[in-house]
Each structure stands twice: as structure tokens, then as C-alpha cells.
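Side chains included, hydrogens not; waters and symmetry mates left out as well; all remaining heavy atoms used.
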Amino acid sequence: MRKNKAAIIVIALAVLLMCSPLLLNNHALLGVDGYFQYNRIYEAALQLKNHNFSFINLYSFQQAGRVVNSLYSPLITYVAGGLLLLVGNWFRFQILTLFIVYFVSGYVMYAAGRRLGFSKRVSIALGVIFLSSNVVYGFIFGVTWRSIAFGLLPLLVGPILDLYAGDWQLLSMLKLGVFIGLLAQFQILTVALVLPLLVPFFIRGLWHSKFNLNGLLNFFAGVLLALLLSLNTLLPLLEVYRGNTLISPVAMDLVPNASLILQPIYNGVASNSDIVLTMIAYAMLTGLIVFWTRLGAFTKLFACVALVYILIGTGLFPWDSIQKLMPYLQSFLQMPRRISLVGTPFMMLATVMIYQDVAVSQKSAALHKGIVIAGTFLSLLSLLLCTQKVAQNVHYTITDTTPLAAGLQTADDNVHSNLKYIKQLQPAFHTRHINQLIKQVDRTTPDYIPVTQKIETHSNVYRAYRRNFSVQQSKFKHQVIHNGIQLTWNAKHTKMRALPVVAYRRTVLTLNGHRVTSEQIKHHWIGNLSLKQRRGKNVLTVRYEASRVTTLGTKLALIAWVGVLVAGPLLVKRARRFLVA
């Protein structure tokens, strides 16, 4: 802490400045993913508070028996739910989580710079640029969860150096396994995108070590640890996707969603701080071409890998042809710019490495000084432009005439609420009754809904979900029971009744004391069910029976994480003492 005091202070002040429009106006932002993520966090908070843990969501997502939290960052969501209970309201929770996410992202970039031998000033500048860049700023504008995972990517710099060197010590490989397991706790897609980035360094290290058997065994130990730590995210996904047909994520045209990082003038982006990344990208490309012969071998490989990621995510890559050959990418990848975002932190580091190599080869103190000046200027520019955009978003959502749906960055058909303007939602952020924010607005998100046949998500799906779930929910009495949900309603006839409930392959439905068989269920195309009711009072109980493999794997992952948190610091201390001795 003492050695990095300046970095901690500067990065903390940068985060406070970026969040200052929210703090000064006592105003919160939600954006495009806000309601989806906050519903998940509310669910985790209520499960923790009531000690009622379930594979299905009990308190959120229309209480329709949906599986959401178990498939999307379950462990971290419980941590976020615990923070929500601790701080007491959504506004304090938002400020706290914003500070944590942006401070950590800025600090890990600073630490990556120091690991590569950069000066403190340059490393701090990189940290400030990174925390205000499009890699992570989506969390403040739209609560995009991938921003948290992307913010941790600089952690991989240490393992990349270890892989490249070929000296694969057990502690180094286990550290790599922990980092990959940590990324998996936030988003599996990020892991899928980042693993190819490690391959060139793995191949070089493997060749350099002449296929050392002990090193390979240590590497596979790290792989096994990563898998063990990820079981709680992988097994539920495999169980639900293997046994059910789920509504696909929104299919997007890939070309319009490619990265604009090579476009010098930005229009329609979330923040004009993106221009700083454009400047860095061209600086890296120019330096790589002009000074190739003066660069070290690691710098060349590191910069080339980063450049490949940057270029693949742009419109230079033939995404039109790719999506014709592999149309599933429109739902799975959705936005090619995600690939560029994964490469962006490594591009930033590679740019400094290039010019630092040149400065060393030329013994140029002026170039060293120029790197510091350029880094400081770009960090201030990036931070101020991003803060300005935050202020603009606060102004837009604090205006009396901004519609609710527009403030949530969605269409009117995707919102079910009695509120008309986004400003009316603000009191719900400041009350200790955390359910008000969730109950006042129902943001229709049909993620992971089980259906009878594959359908693509489009505007009709959102409208149908709103009509059959959001609107119908109020016509039934919902009660949370142990590990399940109970719906109660009265009927005047014995006909089939459409219910705002879904059923997965392992969902257990009990109607009026009798277990419902699959033959008794009529599935509608949007995922809701119809059951034959009886005259008078009807009671339906919805539970989910997870497989023994999924349950056991989840417990093993949690035990492994406890082991990492307890043993990890001790192993690091012993390793340092050994190296010093």
C-alpha cells in the first residue's frame, strides 16, 4: 500500500470525478441492462435475507419460475446481493459498486503496467485511461455486466509473461487457473473470447521449454483448477441448455455492431473518450511498422496479438460473409466489437512497450519523458470526456419530460409500468424498501425462457412476453415458499387456464396437491403454460430439482473458492520468502 500510495489516491480521485454527476445530483442511472442486472441482484439479496436458496428465481422476473441467476454469474451476484443488504438502498449500492468496479479496473491496469516495467506515472495514466474507456464505462451508463469482466483482463499480463517464458512453476500456473476461474464467475463469453489470446504465448513457452514434462503437468494443474472453480457456472448452463430449448438471445446484424476504434471521428458512441483509444491504436500500429527492428521479441508478439484482436472486431473483418456461414454468431457473439474490447487493454500496454523499447534502444531520455507527457495528457482527456458524458446522461434522465422507456434505453413495448417519466423512478433508489425499484417497473427480458421450438428474439417476442407474463402476473397471488413459488387464483369454470409460468425439463409442478405430468401441460410458443383448473380455489406450486451432478459440482466449486481465498495469500507469502532467501 505504501509503495503504491500515489496510484491509489489518483485512481480513487479519478473514479470520484467520473461519478461526481451522480453524487452532486443525488441521482442514479440504469440504462439498457440495468433492470435485468438489478433484478438478479435483488433476487440474490432476498435469497440471502430469507435463507431460501433455489435454482429458480423466486422473487424476481415475474416470479414465473425462470432460471436466470443460476445461469448468469451466480456467485458474484450473491456477493452483490449481500452488498445491497449491507448498504440498505439502491443509490448507495450503485455508488459503491461503481467505485469498486472502476477503482479495481484502474488499479489492475496500473499493476499490469508496473509488471511490464513501466514507470509509476505512465502506469497510473494507463489506469485512468482504462477506467474511463469503452472497455468498462458501460457499467456506469447501462450496468453492462461484461464491463466488470473486461475490467479484470489486465490481470492476465502476469500469466502471459509466465507462459511466454516457459518456466511454468506450479504457483504461476495455479494463479492462471484462478484468474480464468474468476473471469468465468462474471461471464463465460469473456473466457471464450480471451482464451485464444493466450495460445501464442503458450506455444512460444512450450517450444522454449522443450516440452518440459514438469512444466506441462503444472500447466494442466492450472487448467484443472480453472475448471473446478468454474463448475458452478458451467454445470447449470450445461444442464439447462442440454435438456431444454431456450429462446435465443437477440440476433444482431454483426456489421453495424463492429468496433469503431479505427474511425477517427466518432458519432453515436456512448462517450467521446473513445477518441483516445483511436489515437492509441494508430500510435501502436505506426510504431509497430516504423520501429519493428528495434522491438524486443515479447513486445512484437504481444503487440501483434493485441492488433489481431483489435482488427477482427472492426468492419475490416468480413463479418457479412461470416454471419452468412455461421448465423448463430448473431445471437451468440452479437457484437464483434466485444473482440476489440478484449484486445483493448493489451493494445494500450503494447503501445507503451513499443515506444519504451525504442527509447531504450536509442537511449533517449526525451522519448521517455514524451511517453509520460503523452500518457498524462491522454488520461486527462479520456477522464474528462467520459465524465462529461456521465453528466449529460444524468441531465437527460433528470429532465421532467424524458419518457421512462427512453431513459432505460429501450422501446415502449419492453416496459410495463404505471410510471410515465424516468425521473419518477428516482425515489425508489433512495428508500430502504429495495423492492420498490423492482416492482414499479417491469422490464421485459425473455432470457433463458424454455420453449417448444427454437425462436429468434425480436420485437414480437418482447410484446408477447409482456402480454403473457408481465400483464398477467397481477391476476394471480404469488407467494414464495421453501425452494419454490406458489400461485393462487379462483376460477368459475374447469377449462384450461393460461398461467404466467414456465417449465423446464426438471421443473416440478404441483396443482391442487397433485403432481402435474407433461401430458397435462399445454405449452404456448412464448413459453407460458396452460393447465386445467378446477372450479373455486386453485393452488400451483413451482419448484426445480437440479441434477445431483450440478448440485455436487456447485458445492465443489464453492469449497474450492474458499480454499483459494484462505490458502492463496499464504502460498504467495511463502513463495516470496523462498525467493528472497
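- Between H523 and V451 there is no side-chain heavy-atom pair separated by less than 4.5 Å.
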List the steps, then state whether side-chain contact (heavy atoms from CB on, under 4.5 Å) holds for T397 with K423. CA-CA 6 Å; T397 55; K423 185 179 179 181; over 6 Å; no
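- Other residues, nucleotides and ligands contribute only 12 or fewer heavy atoms inside 6.0 Å of the NE2 atom of H514.
- Aromatic rings from Y38 and Y42 are positioned such that their centres are separated by 6.0 Å or more.
- Within the 4.5 Å cutoff, the side chain of V101 has no heavy atoms near those of the V136 side chain.
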Mind running side-chain contact (heavy atoms from CB on, under 4.5 Å) on I449 and L246 for me, showing each step along the way? CA-CA 5 Å; I449 291 290; L246 305 182; over 6 Å; no
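- Under a cut-off of 6.0 angstrom, the local environment of OH in Y241 is crowded, with over 12 non-hydrogen atoms contributed by other residues, nucleotides or ligands.
- In terms of heavy-atom proximity, P249 sits nearest to Q334 at CB-NE2, 3.6 Å.
- For Y465 (side chain) and N460 (main-chain N/O), no donor-acceptor pair under 3.5 Å exists by modelled atom type.
- In the model, T444 has no side-chain atom that pairs as donor or acceptor with a side-chain atom of H416 under 3.5 Å.
- Ring-centre distance between F186 and F150: not below the 6.0 Å cut-off.
- With hydrogens and angles left out, the side-chain atoms of S547 and T550 include a donor and acceptor closer than 3.5 Å.
- The line from CD1 of I339 to CG of L333 is 5.0 Å long, rounded to the nearest 0.5 Å.
- Side-chain atoms of S230 and T233 form no donor-acceptor pair, as typed in the model, at a separation below 3.5 Å.
- In this structure, CG in L176 is found 11.5 Å from CG in L171, a value given to the nearest 0.5 Å.
- Checking side-chain atoms of Q37 against main-chain N and O of G34 turns up no donor-acceptor pair under 3.5 Å.
- One side chain, W145 or S73, offers a donor N or O that lies under 3.5 Å from an acceptor on the other.
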Applying ring pair (Phe, Tyr, Trp, His ring centres under 6.0 Å), run through F53 and Y78 and close with a yes or a no. CA-CA 11 Å; F53 302 98; Y78 277 118; 5.8 Å; yes
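- Rounding to the nearest 0.5 Å places CG of L197 at 7.5 Å from CG of L156.
- Aromatic ring pairs are classed by plane angle as parallel below 30°, tilted from 30° to 60° and perpendicular above 60°; the pair Y107 and F103 is parallel.
- With hydrogens and angles disregarded, a donor-acceptor distance shorter than 3.5 Å links the side chain of Y102 to the backbone of I140.
- Using modelled atom types, one finds no donor on one side chain facing an acceptor on the other under 3.5 Å when comparing Y59 with N435.
- Under the 30°/60° scheme for interplanar angles, the aromatic rings of F141 and Y137 are found to stand perpendicular.
- D442 and Q62 share a side-chain donor-acceptor pair at under 3.5 Å.
- Distance CZ/F139 to CG/L98: 6.0 Å, rounded to 0.5 Å.
- Within 6.0 Å of atom NZ in K477, 12 or fewer heavy atoms from other residues, nucleotides or ligands are found, so the atom counts as exposed in its surroundings.
- Residues F219 and F202 place their aromatic rings such that the two centres sit under 6.0 Å apart.
- Between the CD1 atom of I76 and the CG atom of N69 there is a distance of 12.5 Å, given to the nearest 0.5 Å.
- For the residue pair H493/Q533, the side-chain donor-acceptor check at 3.5 Å is satisfied.
- At least one side-chain heavy atom of P154 sits under 4.5 Å from a side-chain heavy atom of M109.
- A donor and an acceptor atom, one from each side chain of N538 and N490, are nowhere located under 3.5 Å apart.
- Looking at every heavy atom in both residues, Q440 comes nearest to A428 through OE1-CB, 4.1 Å.
- Here the side chain of R40 pairs no donor or acceptor atom with the backbone of P74 at under 3.5 angstrom.
- Counting only heavy atoms from C-beta outward, the side chains of H27 and L22 never approach each other to under 4.5 Å.
- Between F61 and F36, the gap from one ring centroid to the other is short of 6.0 Å.
- For the pair Y504 and R66, the minimum side-chain heavy-atom distance is below 4.5 Å.
- In this structure, W168 has its ring center at least 6.0 angstrom away from the ring center of F220.
- Within the 4.5 Å cutoff, the side chain of Y72 has no heavy atoms near those of the V67 side chain.
- One finds the CG atom of D33 at 11.0 Å from the CG atom of L408 (value rounded to the nearest 0.5 Å).
- L183 has its side chain within reach of V194: a pair of non-hydrogen atoms, C-beta onward, lies under 4.5 Å apart.
- At a threshold of 4.5 Å between non-hydrogen side-chain atoms, the residues Y544 and S54 do not count as touching.
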